[in-house]
Amino acid sequence: MTVEIIIKEVRENKGISLKELEEDTGIDRRRLAKIENGEVPVDKILFIEMLVIAQNLGTKITDLYRTGEIVVVGKDRF
């Protein structure tokens, strides 16, 4: 399964600027931008960061993720 962070999409749909999100969450704008742009691996984003972001965007934490499928090639070899 693949996991994609969609904070930017949710934030922009709600008309909230990155600066506003920084002010509301207390998370540095550079960190937020890196998370939004996929520069921070999903497993390196703190749960509390995602929780605070979700709360300030007025959404559930699970709404900040998009999941997809992974196709395993040669799975019979394992």
Side-chain angles (χ1 to χ4, degrees):
M1 176 181 297
T2 59
V3 179
E4 177 186 3
I5 301 291
I6 57 169
I7 295 170
K8 185 175 185 175
E9 181 180 319
V10 173
R11 177 179 60 75
E12 289 178 344
N13 286 340
K14 293 183 175 276
I16 298 171
S17 72
L18 194 58
K19 182 170 177 42
E20 289 174 301
L21 190 58
E22 174 189 42
E23 292 168 356
D24 293 344
T25 63
I27 301 170
D28 183 77
R29 189 177 343 175
R30 292 175 297 248
R31 172 81 174 162
L32 289 169
K34 286 182 178 183
I35 291 171
E36 286 187 346
N37 294 322
E39 296 174 34
V40 179
V42 174
D43 64 335
K44 300 297 182 194
I45 302 169
L46 299 176
F47 178 77
I48 190 68
E49 289 176 311
M50 293 301 290
L51 194 58
V52 169
I53 291 167
Q55 183 177 29
N56 282 278
L57 290 177
T59 191
K60 298 181 296 185
I61 194 169
T62 54
D63 293 336
L64 300 179
Y65 297 92
R66 181 177 295 131
T67 58
E69 295 297 319
I70 292 179
V71 177
V72 179
V73 178
K75 64 182 177 182
D76 296 332
R77 296 186 317 188
F78 295 104

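Residues forming a side-chain hydrogen bond (donor to acceptor under 3.5 Å, both in side chains) with Glu20 (at least two apart in sequence, or on another chain): Ser17. In terms of the salt bridge (Lys or Arg N to Asp or Glu O under 4.0 Å) criterion, residue partners of Glu9 (sequence neighbours excluded) are, by chain and number, Arg66. With sequence neighbours excluded, no residue forms a side-chain hydrogen bond (donor to acceptor under 3.5 Å, both in side chains) with Glu12.
Between the CZ atom in Arg30 and the NZ atom in Lys34 there is a gap of 8.5 Å [rounded to 0.5 Å]. The line from CD1 of Ile27 to CD1 of Ile48 is 8.5 Å long, rounded to the nearest 0.5 Å.
In plain terms, the two heavy atoms of Leu21 and Ile16 that are nearest each other are N-CG2, 4.1 Å. When all heavy atoms are compared, the tightest approach of Thr67 to Val3 is CG2-CG2, 4.4 Å.
Looking only at side-chain heavy atoms (C-beta outward), Arg11 and Leu32 stay at 4.5 Å or farther from each other. Between Asp28 and Glu22, some side-chain heavy-atom pair lies under the 4.5 Å cut-off. Ile5 has its side chain within reach of Tyr65: a pair of non-hydrogen atoms, C-beta onward, lies under 4.5 Å apart. Contact annotation: the side chain of Lys8 approaches that of Asn37 to within less than 4.5 Å [non-hydrogen atoms, C-beta and beyond].
Pairs of residues two or more places apart, or lying in two chains, that qualify as salt bridge (Lys or Arg N to Asp or Glu O under 4.0 Å) and include a residue from residues 41-52 are Arg31-Glu49.
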Pair up each side-chain donor or acceptor in residues 50-64 with any protein partner under 3.5 Å, not counting sequence neighbours, and list the distances.
| from | atom 1 | to | atom 2 | distance (Å) |
| --- | --- | --- | --- | --- |
| Asn56 | ND2 | Val52 | O | 2.8 |
| Thr59 | OG1 | Asp63 | OD2 | 2.9 |

